[in-house]
There are 2 protein chains.
Amino acid sequence: MPDADLLAVQGREVPSARIPLSRERILTAALDFIDAEGVSALTMRKLGGVLGVEAMSLYRYVPGREDLLDGVVDTLVSQLDLDEDVLSTPEHGWQDFLQRMAHGVRRVAIAHPKAFPLVASTPPEAPWLRPPLRSIRWVEKFLSGLLSEGFSDEQAVAVYRAFTGFLLGNLLLEVSHRGGAVGPLDLVEEEVPQRGLRDAPVVERLGPLLSQDESLREFEESLESLIDRITQQVSSSGA
Amino acid sequence: MPDADLLAVQGREVPSARIPLSRERILTAALDFIDAEGVSALTMRKLGGVLGVEAMSLYRYVPGREDLLDGVVDTLVSQLDLDEDVLSTPEHGWQDFLQRMAHGVRRVAIAHPKAFPLVASTPPEAPWLRPPLRSIRWVEKFLSGLLSEGFSDEQAVAVYRAFTGFLLGNLLLEVSHRGGAVGPLDLVEEEVPQRGLRDAPVVERLGPLLSQDESLREFEESLESLIDRITQQVSSSGA
DNA sequence: ACCTGAACACCGTTCAAGT
DNA sequence: ACCTGAACACCGTTCAAGT
């Protein structure tokens with residue numbers, strides 16, 4: 001069964017098997033592989049296979065597996081730079097600016113549910129680079145956007161902190177809910193697991209309610225609430 | 001250098017090397033190991049070494065490495081059941097109840113920064129069990145607590161969703177900020193990395209501000225704001 | 001009943017060697 | 001200049017064998 005999936009991925013890459021290796025080509029293939037098979041299935045040897053090359057060849061372009069994964073994060077992140085909604089500066093107020101940033105990051109997350117945990121949980125190389133905003137360009141854009149809207153340094157940093165926390169929690173949950181967790185075999189619809197529901201009558205009764213996917217509404221409500229909070233703080237401190 | 005650390009861990013376990021293996025003993029040792037060395041360093045063979053046993057012996061008590069990690073999550077989670085602040089029912093209103101739950105989970109997170117990502121990011125076996133509340137007991141307690149305070153089913157579930165998102169984002173960030181990321185060698189104080197700060201003048205200027213650790217205040221403010229939001233929704237819907 | 005030795009298949013990574 | 005073969009150290013896991 002995993003073989004079938006692997007072949008599918010290989011098939012997609014075979015036409016380009018003759019063009020020479022490059023760091024970019026490797027990273028793209030790695031992201032494709034992760035999208036299809038998950039991070040833990042990504043192996044230097046298998047990735048070599050997908051690219052029609054021995055694993056050892058990859059080390060010419062990539063120092064090692066850890067760095068490869070960092071590179072995948074960069075690849076993901078730079079997809080966002082092409083997103084007009086995100087790369088823009090605030091033209092319709094900072095509320096709109098935050099809305100567009102948030103939805104831009106969310107789009108990347110749900111486009112790559114299996115890769116997003118990499119962006120989210122990889123340890124940042126600098127304390128001021130908080131996941132999931134793992135790009136200095138984003139952070140620069142984010143902070144300078146807020147400053148241009150009249151936020152003080154302290155306010156902008158506070159918003160940055162609250163915003164990253166909001167994104168990380170909500171998107172990680174949404175992504176794992178959307179079958180980021182599905183392993184090699186995807187069970188159609190798992191039966192309500194009876195095991196462990198002993199002594200949990202409320203959870204059992206609310207099961208259907210709890211299983212509903214309200215992630216977009218949650219996301220928007222939570223974002224709205226964050227923006228409200230910021231509005232209050234900004235106005236009460238006289239900005 | 002890793003050898004020294006390993007010996008330290010072994011030293012702590014040597015006195016009990018003669019008492020027989022058990023699932024519980026294995027899980028405790030695994031958690032200790034992760035606290036000291038991190039998840040990725042935990043190996044069946046090394047864990048066996050710590051317990052004075054060959055790796056193969058562990059398979060009598062644990063089906064495999066993946067299940068071992070799940071067991072570590074359970075171990076962590078059940079530490080919270082001993083926490084009086086958390087296991088109590090709401091006696092001083094639901095706001096106080098949420099406050100105590102939140103701080104209880106936070107205590108576990110910062111007591112085990114390297115293990116917490118396991119609780120946070122491991123895929124839940126059921127869609128209604130959202131990280132980091134990866135225990136049916138907690139969820140049961142959480143939901144029934146809210147119901148007993150007059151919340152409707154829908155409201156309780158909505159609060160559950162918002163609360164888990166809040167906890168996950170904030171605690172994950174806090175934990176990775178607190179050297180959950182420190183590898184085998186802990187650099188005393190990393191120099192401000194100049195690389196990549198080209199074209200990021202705002203980030204560079206705000207560096208000191210961004211590096212400050214405000215995690216407790218952030219956590220409390222964010223929680224306060226969440227509670228405010230819930231209060232508004234509850235009162236506006238006439239509860 | 002509990003633990004171990006030996007083995008298997010598979011990793012990441014290095015490096016001398018091929019073309 | 002770019003890729004490969006062979007090798008090393010280390011994994012998770014199985015299973016027949018020891019005690």
Side-chain angles (χ1 to χ4, degrees), chain A residues 1-7 9-10 13-14 16-30 33-34 36-73 118 122 183-184, chain B residues 1-7 9-10 13-14 16-30 33-34 36-73 118 122 183-184:
Chain A
M1 189 64 78
D3 282 332
D5 287 2
L6 188 58
L7 286 174
V9 176
Q10 277 179 324
E13 280 291 334
V14 156
S16 50
R18 279 304 73 188
I19 85 174
L21 234 39
S22 71
R23 184 173 162 92
E24 195 196 348
R25 212 162 81 82
I26 292 174
L27 294 181
T28 305
F33 192 98
I34 291 171
E37 313 277 335
V39 176
S40 63
L42 179 65
T43 261
M44 298 302 276
R45 287 162 142 104
K46 284 195 209 152
L47 183 58
V50 159
L51 289 162
V53 108
E54 299 298 313
M56 308 80 200
S57 310
L58 303 175
Y59 288 87
R60 290 241 154 227
Y61 305 89
V62 152
R65 184 175 191 268
E66 212 65 12
D67 176 275
L68 206 183
L69 294 181
D70 277 357
V72 170
V73 169
L118 244 33
T122 302
Chain B
M1 188 64 80
D3 282 330
D5 287 1
L6 188 59
L7 285 175
V9 177
Q10 278 179 325
E13 278 291 335
V14 155
S16 50
R18 279 304 72 188
I19 85 175
L21 235 39
S22 71
R23 184 173 162 92
E24 193 195 350
R25 212 161 82 82
I26 292 174
L27 294 181
T28 305
F33 192 98
I34 291 171
E37 312 277 335
V39 175
S40 62
L42 179 65
T43 263
M44 299 302 276
R45 287 163 143 103
K46 284 195 209 154
L47 183 57
V50 158
L51 290 162
V53 108
E54 299 299 314
M56 308 82 200
S57 310
L58 303 175
Y59 287 88
R60 290 242 155 227
Y61 305 89
V62 152
R65 185 176 190 267
E66 212 65 13
D67 175 275
L68 206 185
L69 294 181
D70 277 357
V72 170
V73 169
L118 244 33
T122 303

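The basis for the numbers below is simple: all heavy atoms, side chains too, and nothing from hydrogens, waters or symmetry mates. Worth saying up front: this structure is predicted, and the values here are computed from it rather than measured.
- For the pair B/Y61 and C/dA1, the criterion of a side-chain N or O lying under 4.0 Å from OP1 or OP2 is not met.
- Among all heavy-atom pairs drawn from A/A29 and A/V50, the shortest one is CB-CG1, 4.5 Å.
- Not a single side-chain contact (heavy atoms from CB on, under 4.5 Å) links B/E66 to another residue, sequence neighbours left out.
- Nucleotide C/dT4 holds its C1' atom 15 Å from the CG atom of B/L51, rounded to whole Å.
- Side-chain N or O atoms of A/S22 include one that pairs as donor or acceptor with a backbone N or O of A/R25 at under 3.5 Å.
- Sorted pairs that involve residues 50-65 of chain B and meet salt bridge (charged side-chain N to carboxylate O under 4.0 Å, His left out), not counting sequence neighbours, are lacking altogether.
- Looking at residues two or more places apart in sequence or on another chain, you find a side-chain contact (heavy atoms from CB on, under 4.5 Å) between A/Y61 and A/L21, A/R23, A/I26.
- Taking only side-chain nitrogens and oxygens, B/S57 never comes nearer than 4.0 Å to OP1 or OP2 of C/dC2.
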Inset, instruction - Let me have a per-nucleotide readout for nucleotides 13-19 of chain C, 5' to 3', with B, S or -, counting only protein heavy atoms under 4.0 Å. - result: BB-----
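- Residue B/T43 places at least one side-chain N or O closer than 4.0 Å to OP1 or OP2 of D/dG12.
- A stem is defined here as three or more consecutive Watson-Crick or G-U pairs, each with both distances under 3.5 Å; for DNA chain D these stems are C:4-8 with D:12-16, C:12-16 with D:4-8.
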Inset, instruction - Before giving the answer on side-chain contact (heavy atoms from CB on, under 4.5 Å), spell out for B/V72 and B/V39 the whole-Å C-alpha distance, their side-chain angles and the decisive distance to 0.1 Å. - result: CA-CA 11 Å; B/V72 170; B/V39 175; over 6 Å; no
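- As rounded to whole Å, 16 Å separates atom C1' of D/dC10 from atom CG of B/L47.
- The nearest whole Å value for the distance from the CG atom in B/L69 to the P atom in D/dG12 is 10 Å.
- Interatomic distance, CG of A/L69 versus CG of A/L118, reported as 5.0 Å (0.5 Å rounding).
- Shown here for A/G48 and A/L58, the closest heavy-atom pair between the two residues is N-CD1, 4.0 Å.
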